[in-house]
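What follows is a single structure, written as structure tokens, with notes after it.
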Amino acid sequence: MEIFGISSQALLGQVFLGLINGSFYAVLSLGLAIIFGLLNIINFSHGALYMMGAFVSWIGLTQFGMSYWASLVLTPLIVGVMGIAIERLLLRHLYQLDHLYSLLLTFGLALIAEGVFRNLYGISGETYEVPELLQGGVDLGFMFLPLYRGWVVLAALSVCAVTWYTIEKTSLGATLRAATEKPELVQALGINVPVMVTATYGVGVALAAFAGVLAAPVMQVNPLMGSNLIIVVFAVVVIGGMGSILGSIVTGLGLGIVEGLTKVIYPEASAVVIFVIMVVVLLLRPAGLFGKQA
């Protein structure tokens, strides 16, 4: 069976590959959406923190013998603590200022982090072996699916679902949203608002590091991996709606699939299709697909 002159097997294969890319987009844009939606910070260092997550995982494996499964838990905690330090020492002074200040600060931090890792490890990249349990693959009939790539999709979707449910459907999430919208009122109820704000930034950073751990066995770990991806992720967040938790997840997955299909139908446009969609969405709905119109 052919669709647009292309075999259905090829199209379905690209849908799966696009879903894998979309999983990275979803987790990274989710972290960005949390930080912007709840803290009003444009975190341009998100790509660098994603890169740091991959490097911390690789260093843990090569220098300390830390397993991949331990890295999935420990690396987000380690990088999340770094994020907490950044928020406490630097970002807390910018909350009352224009968004441009936080963008410039985090952009500078991204350049510093990238420069440090380039100086230490170069740009050729380091390999991270797929864990033994997830080596090999399964024949789906229309494509051979590596087990690890299937695991990436499952892990990313699970983390996104748990994060969305916690923020949107639990009392903790309601308290957090109230703390960012009416901090004086929440503070009067005896809740430590600064601690909640710091923890929120730490969670957003930890999500970037988690995506970095997932990415380490798929692509080479190198200092440029974050800068190559962050522009696309920002486009995903803008299309979904700045600060929209659900929008970042759905849009990330959807655009990954669209990008994968474009590589089969019209490969020349695959590198720009997301940005074309962003322009169209902003013209028709400036707040994004899931954003609230002013």
Side-chain angles (χ1 to χ4, degrees), residues 1 6-31 50-79 125-165 206-222 225-226 228-229 232-233 236 248-264 270:
M1 180 179 176
I6 302 168
S7 68
S8 58
Q9 290 90 342
L11 284 176
L12 289 173
Q14 284 301 320
V15 167
F16 271 88
L17 293 176
L19 189 59
I20 294 166
N21 288 336
S23 298
F24 289 116
Y25 297 160
V27 176
L28 284 168
S29 61
L30 174 61
Y50 158 77
M51 175 269 293
M52 290 174 64
F55 262 107
V56 169
S57 179
W58 175 78
I59 292 170
L61 175 66
T62 57
Q63 303 297 322
F64 302 101
M66 185 168 64
S67 71
Y68 169 82
W69 305 106
S71 288
L72 278 177
V73 177
L74 295 178
T75 297
L77 292 177
I78 294 170
V79 180
E126 308 289 348
T127 58
Y128 189 106
E129 186 178 355
V130 174
E132 184 177 354
L133 182 63
L134 296 175
Q135 292 178 359
V138 58
D139 189 357
L140 299 179
F142 57 89
M143 69 172 291
F144 183 81
L145 177 66
L147 289 178
Y148 185 79
R149 294 178 183 269
W151 156 252
V152 166
V153 175
L154 178 62
L157 291 178
S158 299
V159 168
C160 288
V162 170
T163 304
W164 172 82
Y165 183 84
L207 286 170
F210 180 80
V213 179
L214 290 179
V218 176
M219 59 188 71
Q220 283 197 320
V221 179
N222 71 83
M225 62 188 295
N228 293 338
L229 190 60
V232 175
V233 173
V236 171
S248 64
I249 298 171
V250 174
T251 306
L253 293 171
L255 290 178
I257 294 174
V258 169
E259 185 181 50
L261 290 175
T262 305
K263 289 179 179 179
V264 176
S270 61

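Only a predicted model underlies this, so the values are computations on that prediction, with no experimental measurement involved.
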Checklist entry - If you round to the nearest 0.5 Å, how far is CD of Glu126 from CG of Leu61? => result 11.5 Å
Could you list the donor-acceptor pairs under 3.5 angstrom formed between side-chain atoms of residues 155-164 and any protein atom two or more places apart in sequence or on another chain?
{"unit_1": "Ser158", "atom_1": "OG", "unit_2": "Leu154", "atom_2": "O", "d": "2.8"}
{"unit_1": "Thr163", "atom_1": "OG1", "unit_2": "Val159", "atom_2": "O", "d": "2.8"}

Checklist entry - Do Gln220 and Thr127 pass the side chain to side chain contact (heavy atoms under 4.5 Å, CB included) test, and can you show the C-alpha distance, the side-chain angles, and the key distance before you say yes or no? => result CA-CA 5 Å; Gln220 283 197 320; Thr127 58; 3.9 Å; yes
Checklist entry - Taking the side chain from Tyr148 and the backbone from Leu214, do they hold a donor-acceptor pair closer than 3.5 Å? => result yes
Item to check | Atom pair OH/CD of Tyr68 and Glu129 - distance to nearest 0.5 Å | outcome: 13.0 Å
Checklist entry - Hey, what do you get for CG (Leu229) to OH (Tyr50), rounding to the nearest 0.5 Å? => result 5.5 Å
Item to check | Shortest non-hydrogen separation from Met66 to Ser71 and the atoms involved | outcome: CE-OG, 3.2 Å
Item to check | Nearest heavy-atom neighbours spanning Tyr128 and Ser57 | outcome: CE1-OG, 3.3 Å
Next on the checklist: Is there a side chain to side chain contact (heavy atoms under 4.5 Å, CB included) between Tyr25 and Leu253? Walk through the geometry before answering.
Outcome noted: CA-CA 7 Å; Tyr25 297 160; Leu253 293 171; over 6 Å; no
Checklist entry - Do Glu259 side-chain atoms and Gly18 backbone N/O form a donor-acceptor pair below 3.5 Å? => result no
Next on the checklist: Ignoring hydrogens, what is the shortest heavy-atom contact between Val218 and Arg149? Give both atom names and the distance.
Outcome noted: CG1-NH1, 3.6 Å
Next on the checklist: Please determine whether side chain to side chain contact (heavy atoms under 4.5 Å, CB included) holds for the pair Val153 and Phe16, giving the CA-CA distance in whole Å, both sets of side-chain angles, and the decisive distance to 0.1 Å.
Outcome noted: CA-CA 9 Å; Val153 175; Phe16 271 88; over 6 Å; no
Next on the checklist: If I compare all heavy atoms of Ala209 with all of Pro76, which pair ends up nearest, and what's the gap?
Outcome noted: CB-CA, 3.8 Å
Next on the checklist: Could you check whether any side-chain N or O of Thr75 sits under 3.5 Å from a backbone N or O of Leu72, counting only pairs where one atom can act as donor and the other as acceptor?
Outcome noted: no
Checklist entry - Could you state the interatomic distance from CE (Met225) to CZ (Phe24), rounded to the nearest 0.5 Å? => result 8.0 Å
Item to check | Nearest non-hydrogen partners of Gln135 and Leu147, listed with the distance | outcome: O-CD1, 3.5 Å
Checklist entry - Minimum heavy-atom separation for Ser29 to Ser248, with atom names? => result OG-O, 3.1 Å
Item to check | From Leu17 atom CG to Ile257 atom CD1, the distance as rounded to the nearest 0.5 Å | outcome: 11.0 Å
Next on the checklist: Consider side-chain contact (heavy atoms from CB on, under 4.5 Å). Of Leu77, Ile78, Leu74, which one does Val56 pass it with?
Outcome noted: Ile78
